[in-house]
Every structure is written in C-alpha cells, then in structure tokens.
Amino acid sequence: MAPPSVLTPQAEDFPRWYQDVVAKAEMADNGPVRGTMVIRPYGYAIWERIQSSIDARIKEAGAQNAYFPLFIPESYLSKEAEHVEGFSPELAVVTHAGGEKLAEPIVLRPTSETVIGEFMAKWIQSYRDLPLLLNQWANVVRWELRPRLFLRSSEFLWQEGHTAHATQADASAYAMKIHLEVYNDFLLSVLGVPTYLGIKPPRERFAGAVNTMTCEGMMRDGKALQMATSHELGQNFARAFDIFYQSEEGQAELCFTTSWGASTRLVGGLIMAHGDDRGLILPPEVAPYQVVVIAVRDEPEVNKACATIQQLLKGHGVRSFVDVARGSFGRRVTDWEIKGVPVRVEVGPRDLKEGVVTVSRRDHDEKQTWPLDDVATKIPALLAMMQQDLYERALAWRDANTLDVASVVDAIEVAQSGFARLSWDLVGAGEEAELNNQAVTVRCLQRADGSIPESELENDLVCIVAKSY
RNA sequence: CGGGAAGUAGCGCAGCUUGGUUAGCGCGCCUGGUUUGGGACCAGGAGGCCGCGGGUUCGAAUCCCGCCUUCCCGACCA
C-alpha cells in the first residue's frame with residue numbers, strides 16, 4: 001500500500017534525506033559559486049511566511065526597520081578586537097572596484113554591528129534618544145568551508161536587530177524580551193519547534209558579546225540546531241564606536257548595545273524538525289498552501305466542486321491550491337506529500353455522488369470522509385489541531401531524546417543520538433575540550449528549572465550538550 | 001582549510017581498465033492514444049562543449065597536469 005520511497009530514508013542517511021527533500025520539494029538549488037544558494041519559489045514562500053511572522057513580532061517589541069549598506073570599510077571591523085578576530089576567517093573582501101585597486105579594502109558584511117554602531121554614535125545625543133531600537137532584513141556573507149543549503153551557506157538572508165540603551169539592565173531586559181517574545185514565541189507557535197533556552201558558554205559566544213542567548217531545537221536525527229540568538233554586547237561596541245549619550249545630569253555616558261538575529265537557517269530547521277520519510281511536514285502556520293484540493297478525475301463536475309471548495313476555504317482564511325487531474329493520482333499525491341502540504345482534500349466522482357470529500361492530514365495515514373458542505377467550516381479547526389499536534393510530537397520527541405547524565409563520558413554517549421543534560425559544575429575547560437574532540441558541544445546553560453541564567457557564574461547551572469549543525 | 005570519494009541529458013547511472021564509427025540505459029520531459037480513488041501503459045520524439053582549461057596522440061568521455069563544483073569525515077560558524 002505504501003508507495004515506494006522516492007527519498008533516501010532518514011534512518012539510512014539523514015544528510016542525504018535532507019538534500020533529497022530540499023531538491024524534490026523544489027526549495028533550493030546550489031548557486032554557481034561554492035556555498036551560495038538559489039532559493040526557489042516554494043522555499044522562498046516559506047521564508048516569506050517566517051519573515052512576516054518574525055517581522056510583526058519585532059515591530060510589536062518596538063523596533064523599527066532600517067537598511068544599512070552591504071559594503072563595510074575594513075577598518076570598521078578592526079575597531080572591536082574580539083569581533084574582528086572572530087570574523088576574519090569568514091570574511092569576503094573586495095579589493096578592486098571600478099577597475100582599480102581600492103585604497104582601503106571593503107568587507108562584505110558578515111553582520112552589521114560595526115556600521116550600525118557608527119551611525120548610532122551619530123544619531124544618539126541624549127538619554128532622550130534612548131533606547132534606539134533598530135532592525136534590518138538583509139543578506140550577509142560569511143565564507144563557509146563546509147556549506148549546506150539553508151543550514152550553512154556563504155551568503156544567507158536574515159534579520160539583525162541592533163539596539164542601544166542607557167543602562168546594562170535595560171539592554172539585558174530588551175535582549176531577553178526579544179529572545180522570549182519574538183524568537184521563542186515564533187518557534188513554538190509558528191514553526192512548532194520546542195526549544196531549550198539558555199546562554200552560550202564563553203567559548204561559544206558571539207565575537208564581541210558579553211552574553212549570548214540561544215534557542216536550541218532538536219532535529220529528527222537528535223542533533224541540535226541553534227535557531228535564533230540574542231546578544232548583550234555590553235559597552236564593547238559603544239566604546240569602539242563612541243556611542244555616548246548625555247545623561248539627565250549632563251554627563252557623557254557610554255551606551256549598552258544588543259544585537260539579535262534569525263536567518264534562512266530556520267527553513268533548514270523546519271525541514272529537519274518535522275520531516276519524515278515521505279518528505280516535508282509543514283505546520284499550517286508556515287505552509288504556503290495549507291490545503292491542496294486534488295481533483296481525482298478531470299471532469300467538469302469535479303473541477304467545479306474543487307473551485308467551489310477553494311473559494312469557501314478562502315472565505316475562511318485558508319490558503320489552498322487546486323490540483324487538476326493531469327497525470328496519475330498517486331503521483332500527484334506523492335508530490336504534495338514531499339512538499340509537506342498539511343491537509344489534502346480529495347474530490348472524485350464517487351465522493352460527489354455521495355456529497356462527500358476525502359480528507360487527510362500529512363502527519364496521519366488515515367483518511368476521513370466529510371460531507372462536502374462541512375469542508376470549509378471544519379478545515380480551520382483541523383489546521384489548528386495539526387499545528388498543535390506537530391508541536392507536541394516534536395516536544396515528545398525532544399523530551400524522549402534528552403537524558404540526564406552524571407559524567408562527561410555518558411554525555412558523549414548520549415549525544416550520539418540526542419541531547420545530554422548534566423551539571424555545568426562537571427564541565428571545566430578540560431572537559432569541554434574532551435566533548436569537542438568528539439564533535440559534541442555545550443549548546444546552552446540553563447538553570448535547573450530551564451530558565452535563562454544571567455551568567456555562567458550562577459550556581460547550580462545545568463548544560464545541554466549535543467552534536468550540532 | 002586538511003583527509004577521502006565523485007563530476008557523462010533535468011535526476012540516477014553504464015561506458016574509461018585496454019584511446020578508434022552517429023556516446024548508451026532507467027526515470028522525467030514533448031506528441032498521439034488508452035488510462036486515472038496511492039508513483040499507469042503503448043507508440044513516436046526532443047534533449048549531450050562527456051565539469052572547465054591545457055597537454056599527449058593521426059585520433060581523447062577514456063591517458064597526463066591544473067582549476068572549478070558536489071558529497072562524506074574533521075577544525076570554524078546563523
């Protein structure tokens with residue numbers, strides 16, 4: 001009954017499965033230059049939904065969109081010592097332009113703290129100008145030695161937020177707000193991916209940050225993916241770029257800045273968090289088409305019914321696509337399964353005779369028969385239920401594959417197929433190196449109750465360790 | 001960037017060892033017909049700078065060198 005698999009099964013070769021899905025769901029292609037990515041319409045439609053959802057949350061959090069240039073003077077990067085040290089291995093640098101060698105090389109932005117810092121310094125005069133809350137949607141370039149579509153490409157798309165505050169407490173609170181109300185809320189309620197929230201250990205911190213927070217998701221192969229991060233930059237960039245404000249008392253004070261980002265990597269995470277051997281499984285919230293209405297036969301009655309259903313669905317705010325009967329039925333079903341469309345409504349002459357349609361969910365095998373008249377009204381609830389179920393399935397998977405351990409040796413063992421949680425006290429510099437030697441990293445540090453600590457120096461912290469993308 | 005493997009039609013591959021007519025096969029694609037409720041069938045057809053550049057040779061997909069790209073494993077990262 002089950003059709004032969006057109007994809008490499010996950011259990012056989014997960015990376016291969018991932019590539020098969022990306023190719024066969026028509027999400028992306030490799031670009032001509034190593035590490036570059038062509039995002040195809042179906043993949044881009046998913047990105048656009050991610051984008052608009054995150055953008056709305058960012059605006060709700062008070063930040064405004066702006067745009068800064070792709071070209072950055074090389075000297076800017078050098079102004080913050082750790083920053084330049086961290087990024088120099090992955091910089092792409094323009095040395096020639098206009099047919100001549102440039103006096104000063106230009107860096108293609110790997111991130112925009114430096115240019116934005118320069119302009120923050122210009123725009124901020126008084127405490128009344130604070131907080132300054134900026135965001136930009138842009139492409140960035142980080143030369144990748146081992147690229148993978150969506151997960152790691154030399155050029156990728158993202159959103160980068162940059163803010164300046166009068167006090168450390170304000171900056172810290174805002175970074176936390178973004179982390180919880182923008183990223184974590186988005187990941188849970190839209191992507192349906194449960195997260196472990198925490199701070200990065202010092203060696204995993206963003207170059208130039210004093211604190212880095214992360215949302216770590218678990219993929220279907222038990223590996224971790226950092227799905228979004230927020231950084232407290234302290235006064236490092238403020239000092240490097242002279243971002244001062246005049247306080248109420250008339251004193252010149254250095255600002256505290258933050259930055260935070262989420263990228264097209266999220267599309268890769270979405271694929272790997274929910275997909276199965278038949279392909280993508282899209283949560284309804286991000287699916288370009290939430291319903292595909294499949295005409296079983298190319299007959300006037302059937303086509304008319306399909307068009308009617310699509311109209312009714314539209315009236316209920318449901319995005320749908322009508323697949324008219326060209327080619328075999330099984331082939332078309334399989335193609336939509338690979339693309340992960342949440343709900344399939346099959347309409348055939350046999351159904352119509354009885355005034356019904358056949359409805360099935362991408363995450364279930366059973367088909368249901370619904371009265372034709374009920375379809376449009378019942379679909380929204382079905383989509384909502386599926387959204388919830390996908391989250392819960394991912395949560396159950398994650399919890400079942402997260403084990404508490406009491407030693408680094410056990411952590412390495414567990415990290416072969418999932419996440420290990422252990423006391424941070426057990427992990428010193430030597431132990432962390434031992435983990436890293438086995439391609440296992442400390443993904444984040446948490447308090448015992450799972451909340452985000454203020455620093456790695458708090459007592460009784462636990463860490464989540466895993467292999468990662 | 002180090003170690004390994006590989007690039008032949010949109011995809012998957014054979015041919016290469018031992019150089020020699022018009023470079024093959026499966027899937028997909030196009031046309032016509034029969035089909036159609038889980039990857040249909042028949043017939044006809046289109047589609048190739050054999051990754052790129054150089055070399056050896058009367059002659060290169062095949063042998064040699066360089067480069068590019070992809071995949072796997074490591075060190076770096078969203």
Side-chain angles (χ1 to χ4, degrees), chain A residues 1-8 13-16 18-20 23-24 26 29-36 85-91 110-111 138-160 183 200 203-207 212 214-217 224-231 259-269 278-279 294-299 302 324-338 344-354 356-358 360 365 367 369 433 436-439 441 467-469:
Chain A
M1 186 63 184
S5 181
V6 294
L7 306 169
T8 305
D13 185 343
F14 196 86
R16 186 68 191 263
Y18 178 82
Q19 289 166 221
D20 285 354
K24 298 211 164 125
E26 302 180 329
D29 266 334
N30 284 305
V33 172
R34 179 182 167 77
T36 60
E85 190 189 327
F87 278 107
S88 46
E90 25 185 358
L91 294 182
T111 177
N139 60 338
V140 282
V141 174
R142 297 181 185 180
W143 214 250
E144 278 301 336
L145 304 175
R146 199 177 159 190
R148 279 164 156 289
L149 289 173
F150 291 114
L151 299 173
R152 226 185 283 116
S153 49
S154 288
E155 178 194 4
F156 59 89
L157 306 182
W158 76 347
Q159 141 294 298
E160 50 177 321
Y183 297 142
K200 286 291 184 185
R203 62 169 290 144
E204 307 278 343
R205 254 183 220 145
F206 176 77
T212 287
T214 179
C215 298
E216 297 285 328
L225 183 72
Q226 176 172 306
M227 304 194 71
T229 73
S230 310
H231 316 289
S259 68
W260 25 279
S263 72
T264 36
R265 168 178 277 189
L266 287 170
V267 178
R278 291 187 188 181
I294 299 188
V296 174
R297 302 284 183 87
D298 185 9
E299 294 173 8
V302 173
V324 297
R326 302 221 175 86
S328 77
F329 175 77
R331 173 54 185 261
R332 291 183 290 141
V333 168
T334 310
D335 284 347
W336 289 114
E337 282 180 338
I338 292 172
R344 218 164 58 233
V345 175
E346 298 168 14
V347 183
R350 226 150 65 201
D351 296 307
L352 291 182
K353 205 166 290 177
E354 297 165 36
V356 300
V357 293
T358 305
S360 50
D365 278 335
K367 294 184 177 185
T369 301
N436 294 356
N437 281 339
Q438 302 297 311
T441 50
K467 289 192 169 184
S468 70
Y469 281 96

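These numbers come from a predicted model, not from an experiment. Here is how names work: the chains are called A, B, and so on, in the same order as the sequence lines, proteins then strands, and each is numbered from 1. Side chains included, hydrogens not; waters and symmetry mates left out as well; all remaining heavy atoms used.
Comparing the same atom, C1', in B/A46 and in B/G32 gives a spacing of 15 Å after rounding to whole Å. Look at the P atom in both B/C16 and B/U62: the space between them is 13 Å, to the nearest Å. A distance of about 41 Å separates the P atoms of B/G15 and B/U34, rounded to the whole Å. When the P atom is used for both B/G59 and B/A75, the distance is 50 Å, rounded to whole Å. Nucleotides B/U31 and B/C64, compared at atom P, are 45 Å apart to the nearest Å. For B/C71 and B/G12, the C1' atoms lie 15 Å apart once the distance is rounded to whole Å. For the C1' atoms, the distance linking B/G54 with B/C13 amounts to 29 Å, nearest Å. A distance of about 27 Å separates the C1' atoms of B/C42 and B/U22, rounded to the whole Å.
Applying the Watson-Crick and G-U wobble criteria (two distances, each under 3.5 Å), B/U56 pairs with nothing in any strand. Of the nucleotides present, B/C1 is the one that pairs with B/G74 by Watson-Crick or G-U wobble criteria, both distances under 3.5 Å. Nucleotide B/C16: unpaired (no Watson-Crick or G-U wobble partner with both distances less than 3.5 Å). Across every strand in view, B/G7 sits in a pair with B/C68 that passes the Watson-Crick or G-U test at under 3.5 angstrom. Under the Watson-Crick or G-U wobble criterion, with both distances below 3.5 Å, B/A43 is paired with B/U31. Here B/U36 sits opposite no nucleotide as a Watson-Crick or G-U wobble pair (both hydrogen-bonding atom distances under 3.5 Å).
Toward the 5' end of RNA chain B, the nearer of the two residues A/Lys24 and A/Gly348, judged by each one's closest nucleotide, is A/Lys24.
By the side chain to side chain contact (heavy atoms under 4.5 Å, CB included) test, A/Pro349 is found to be paired with A/Arg297, A/Glu299, A/Val302, residues two or more places apart in sequence or in another chain being considered. For A/Lys467, the side-chain hydrogen bond (donor to acceptor under 3.5 Å, both in side chains) partners two or more places apart in sequence, or in a different chain, are A/Gln416. The ring pair (Phe, Tyr, Trp, His ring centres under 6.0 Å) search around A/Trp143 returns none, not counting sequence neighbours. Listed by chain and residue number, A/Glu432, A/Asn436 satisfy the side chain to side chain contact (heavy atoms under 4.5 Å, CB included) test with A/Arg203 (two or more places apart in sequence, or in another chain). Contacts of A/Tyr469 classified as ring pair (Phe, Tyr, Trp, His ring centres under 6.0 Å), with partners at least two apart in sequence or in another chain: none. For A/Phe206, the ring pair (Phe, Tyr, Trp, His ring centres under 6.0 Å) partners at least two apart in sequence or on another chain are A/His83, A/Phe87, A/His231.
B/C1 atom P lies 15 Å from atom CG of A/Leu91, rounded to whole Å. Following rounding to the nearest Å, A/Arg344 (CZ) and B/G37 (C1') show an atom-to-atom distance of 11 Å. With rounding to whole Å, A/Asp29 atom CG is found 16 Å from B/U69 atom P.
Among the atoms of the strands shown, none is found under 4.0 Å from any heavy atom of A/Thr111. The residue A/Pro349 sits close to a base: some heavy atom pair falls under 4.0 Å. Residue contacts for A/Lys367: at a heavy-atom cut-off of 4.0 Å it reaches a base atom on one of the strands shown.
Classification of A/Lys200 and A/Glu216 as a salt-bridged pair holds, one side-chain N sitting under 4.0 Å from a carboxylate O. Ion pairing between A/Arg344 and A/Glu346 holds under the 4.0 Å rule for side-chain N and carboxylate O.
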| task | List the steps and the verdict of salt bridge (charged side-chain N to carboxylate O under 4.0 Å, His left out) for A/Arg34 and A/Glu144. | result | CA-CA 9 Å; A/Arg34 179 182 167 77; A/Glu144 278 301 336; over 6 Å; no

Heteroatom pairs (N/O) under 3.5 angstrom, protein to nucleotides 33-36 of chain B:
from  : atom 1 : to       : atom 2 : distance (Å)
B/U36 : O2'    : A/Arg297 : NE     : 3.1

Check: residues 261-268 of chain A side-chain donor-acceptor pairs under 3.5 Å, at least two apart:
from     : atom 1 : to       : atom 2 : distance (Å)
A/Ser263 : OG     : A/Arg265 : N      : 3.0
A/Thr264 : OG1    : A/Leu157 : N      : 3.4
A/Thr264 : OG1    : A/Leu157 : O      : 3.3
A/Arg265 : NE     : A/Leu151 : O      : 3.1
A/Arg265 : NH2    : A/Leu151 : O      : 3.1

| task | Go along nucleotides 70-78 of chain B 5' to 3' and tag each nucleotide: B for a protein heavy atom under 4.0 Å from its base, S when only backbone or sugar atoms are that close, - otherwise. | result | SSSBBBSBB

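Atoms CD and OG1, on A/Gln226 and A/Thr214 in that order, are 3.5 Å from each other to the nearest 0.5 Å.
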